[in-house]
Amino acid sequence: MVDSTAQRLGRGRLGRIVYDEGRIRERVGEMAAEITLAYEDEEDLLVLGLLKGSFIFLADLVRGLQLPLHVDFLVAASYGSGTVTSGDVQLLYDAEASLKDRPVLIVEDIIDSGTTLKRLIPLLEEREPRSLELCALLHKRMTTLPKEPRWVGFDAPDEFLVGYGLDYSESFRHLPYIASLDQE
Ligand code: IMP
Ligand code: MG
């Protein structure tokens with residue numbers, strides 16, 4: 001259970017801690033070691049974070065990568081009319097770096113419906129990266145993607161999760177652990 005101080009850290013009620021700091025640190029370290037091995041012969045890796053949710057995960061992950069690399073970010077928004085997602089994806093901020101002919105690793109916080117990635121990946125493929133791989137901290141396994149992530153931190157429960165970059169109406173991103181959100 002999250003202590004009463006943490007209940008005042010954002011709007012909404014926190015439930016249980018699903019992944020604590022130690023567990024996240026250990027898993028991110030393992031992923032960084034695997035990614036380092038996979039790209040050991042590459043010299044120009046581009047780590048492309050999807051904002052905002054990936055910012056803490058990406059910051060921890062890249063510090064574990066023993067490789068030359070560049071970091072850039074994208075902000076993608078899925079939007080539709082009303083509450084129905086149209087499946088369109090809009091880039092609110094595009095990376096400055098060119099993807100052409102370089103290995104690109106997309107870093108995502110959580111895969112839920114997969115709507116964003118289903119649209120975003122073909123768009124990035126058009127830029128002709130040498131390779132395009134996906135690394136997600138959490139995967140709810142609600143969907144299959146045309147391109148499944150090569151690295152997944154945890155298979156997440158079907159609950160709304162916050163913390164370690166994940167938000168509920170922009171709250172709770174700064175928590176060092178991942179907690180569930182109690183439904184009111
Ligand atoms: P998807 O397009 O449904 O796969 O989800 C895209 C985005 O929705 C993720 O990158 C997150 O920013 C957000 N999201 C999905 N599930 C959760 C959750 O449980 N907590 C917080 N954000 C979520
Ligand atoms: Mg979000």
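All ligand and atom numbering here is 1-based and tracks the order in the structure. Small disclaimer: the values here were computed from a predicted structure and weren't measured.
Of the N and O atoms on the side chains of S113 and T115, at least one donor lies less than 3.5 Å from an acceptor on the other residue.
Using a 4.0 Å heavy-atom cutoff, S113 is listed among the residues neighbouring ligand 1. Note on ligand 1: L181 sits outside its first shell, no heavy atom being nearer than 4.0 Å. For the ligand labelled ligand 1, residue K140 lies inside the 4.0 Å heavy-atom shell. At least one heavy atom of I110 sits less than 4.0 Å from an atom of ligand 1.
Screening L51, V47, V107, L48 for a side chain to side chain contact (heavy atoms under 4.5 Å, CB included) with F73, the sole residue that qualifies is L51.
Near E159, with a cut-off below 4.0 Å to any heavy atom, the atoms of ligand 1 are 19 (O). Of all atoms in ligand 1, numbered sequentially from 1 with element shown, those under 4.0 Å from a heavy atom of E108 are 10 (O). In the vicinity of T116, heavy-atom distances shorter than 4.0 Å reach the ligand 1 atoms 2 (O), 6 (C).
Using a 4.5 Å heavy-atom cutoff, the side chains of L105 and Y39 are in contact.
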Practice problem: Mind running ring pair (Phe, Tyr, Trp, His ring centres under 6.0 Å) on Y19 and F154 for me, showing each step along the way? | Solution: CA-CA 9 Å; Y19 305 105; F154 303 102; 4.2 Å; yes

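Considering backbone and side-chain N/O atoms, G114 comes within less than 3.5 Å of an N/O atom of ligand 1. Taking distance alone, with nitrogen or oxygen atoms compared against 3.5 Å, L166 stays at or beyond that limit from ligand 1.
In the hydrophobic clustering of this structure, I35 groups with I24; members are Ile, Leu, Val, Met, Phe, Trp, Tyr whose side-chain heavy atoms approach within less than 4.5 Å, directly or through other members.
Residues satisfying the side chain to side chain contact (heavy atoms under 4.5 Å, CB included) test with D41, not counting sequence neighbours, are none. Remark: D20 engages I17, R23 in a side chain to side chain contact (heavy atoms under 4.5 Å, CB included) (not counting sequence neighbours).
Nearest to atom 12 (O) of ligand 1 by heavy-atom distance, out of L145, D112, L120, D109, is D109.
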